[in-house]
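Structure record follows, encoded as structure tokens.
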Amino acid sequence: LGFYSPRDGYRIHIVDLDPLSVTSGGWLEDTSLVEKYKISDEAYNKRDGTFRKFKEKLGQQQVKFPDNYMEDLCSTIKVGDRCQVEPGEKRGVVKFIGRAESMAPGFWVGIKYDEPVGKHDGMVKGHRYFECPPLHGGMVRPDKVKAGDFPERDPFEEEE
């Protein structure tokens with residue numbers, strides 16, 4: 001290879017013409033040709049440190065939030081306030097504050113983002129919380145929202 005003086009970014013394409021090679025017949029690409037290890041459910045359940053045991057343990061440790069979770073943080077936020085959402089410094093307008101039946105217990109803040117950085121249009125799991133253009137809506141916990149003087153960013157403004 002040194003004779004050809006390869007440089008960064010060059011690509012080498014190798015074709016294996018050996019009929020006795022492992023690559024012939026697709027042995028390295030077709031996984032259906034590989035013999036799989038099988039274990040019965042009974043034997044798997046007897047083992048420690050499996051993914052199934054991890055999921056069971058995780059299900060038992062679920063934290064239950066009270067219905068008024070983060071209600072105190074909502075006292076400084078009002079519908080119509082300009083805000084910034086962390087992480088990511090996404091800016092927008094508060095459109096909803098309250099409990100969301102289709103989501104986890106506690107209080108939520110609905111944001112209409114200035115740019116399409118959201119996940120929905122104000123409808124979450126079939127329940128409409130507020131109106132906004134597609135991909136401009138987000139539902140976040142109040143601890144992620146900073147209300148204040150956060151004007152819309154000028155997309156043509158150069159940041160230094």
Side-chain angles (χ1 to χ4, degrees), residues 1 4-14 23 26 28-32 34 36-37 39 41 44-45 47-160:
L1 283 176
Y4 296 104
S5 305
R7 297 184 184 182
D8 287 344
Y10 278 28
R11 187 184 327 200
I12 299 172
H13 181 79
I14 299 171
T23 61
L28 296 179
E29 288 131 17
D30 188 359
T31 58
S32 66
V34 179
K36 312 291 187 294
Y37 175 75
I39 186 170
D41 278 342
Y44 186 75
N45 288 334
R47 297 181 69 122
D48 288 331
T50 63
F51 182 68
R52 190 176 295 164
K53 295 251 171 96
F54 171 75
K55 278 186 9 183
E56 288 171 5
K57 187 190 298 184
L58 198 63
Q60 295 167 357
Q61 294 177 353
Q62 285 184 349
V63 177
K64 302 292 182 193
F65 294 113
D67 282 342
N68 64 346
Y69 181 65
M70 293 196 180
E71 180 178 14
D72 54 333
L73 296 175
C74 291
S75 62
T76 60
I77 306 169
K78 292 185 264 343
V79 172
D81 283 353
R82 291 285 306 165
C83 66
Q84 181 167 292
V85 178
E86 297 294 335
E89 298 181 353
K90 300 177 276 191
R91 293 184 179 181
V93 179
V94 175
K95 293 299 227 172
F96 169 84
I97 300 171
R99 293 183 183 95
E101 302 94 34
S102 63
M103 299 175 74
F107 278 70
W108 292 87
V109 178
I111 309 291
K112 176 190 168 207
Y113 294 115
D114 297 337
E115 298 174 4
V117 293
K119 294 186 177 183
H120 50 74
D121 64 352
M123 181 180 284
V124 180
K125 296 182 183 174
H127 190 275
R128 169 94 31 213
Y129 293 99
F130 58 94
E131 296 278 340
C132 71
L135 299 177
H136 281 71
M139 294 289 277
V140 296
R141 291 290 191 182
D143 63 337
K144 305 285 186 230
V145 178
K146 264 197 273 184
D149 184 24
F150 295 104
E152 283 191 51
R153 289 190 176 107
D154 182 359
F156 301 108
E157 177 183 307
E158 288 187 28
E159 292 184 25
E160 295 180 27

*asked:* Test side chain to side chain contact (heavy atoms under 4.5 Å, CB included) on Arg91 and Arg82; report intermediate values, then the result.
replied: CA-CA 7 Å; Arg91 293 184 179 181; Arg82 291 285 306 165; 4.0 Å; yes
Check [X] against [Y] and note the closest heavy-atom contact, atom names and distance.
X	Y	answer
Cys132	Lys112	CB-CG, 3.5 Å
Ile111	Phe130	O-CZ, 3.5 Å
Phe51	Tyr44	N-OH, 3.5 Å
Asp81	Thr76	OD2-O, 4.2 Å
Arg99	Tyr129	O-CE2, 4.3 Å
Met139	Ala100	CE-CB, 4.0 Å

State the [atom1]-[atom2] distance between [X] and [Y], to the nearest 0.5 angstrom.
X	Y	atom1	atom2	result
Arg52	Asp41	CZ	CG	5.0 Å
Lys55	Thr50	NZ	OG1	10.0 Å
Cys74	Asp143	SG	CG	10.0 Å
His136	Asp121	NE2	CG	11.0 Å

_Which residues pass the ring pair (Phe, Tyr, Trp, His ring centres under 6.0 Å) test with Phe107, not counting sequence neighbours?_
none
_Going by the rule ring pair (Phe, Tyr, Trp, His ring centres under 6.0 Å), which residues pair with Tyr69 if we only count those two or more places apart in sequence or in a different chain?_
Phe65
*Return yes when atom CD of Glu115 has more than 12 non-hydrogen atoms of other residues, nucleotides or ligands closer than 6.0 Å, and no otherwise.*
no
*Might you confirm whether atom NZ of Lys119 has over 12 heavy atoms from other residues, nucleotides or ligands at distances under 6.0 Å?*
no
*Apply the test side chain to side chain contact (heavy atoms under 4.5 Å, CB included) to residues Asp48 and Lys53: give CA-CA distance (whole Å), side-chain angles for both, the deciding distance (0.1 Å), then the verdict.*
CA-CA 7 Å; Asp48 288 331; Lys53 295 251 171 96; 3.8 Å; yes
_Evaluation steps, salt bridge (charged side-chain N to carboxylate O under 4.0 Å, His left out), between Asp114 and Lys90_ = CA-CA 8 Å; Asp114 297 337; Lys90 300 177 276 191; over 6 Å; no
*Can the positive tip of Arg141 be found less than 6.0 Å from the middle of the six-membered ring of Trp108, inside 45° of the ring normal?*
yes
*Carefully, step by step, assess Val109 and Met70 under the rule side chain to side chain contact (heavy atoms under 4.5 Å, CB included).*
CA-CA 10 Å; Val109 178; Met70 293 196 180; over 6 Å; no
*For the residue pair Glu89 and Phe150, establish whether any side-chain heavy-atom pair is separated by less than 4.5 Å.*
no
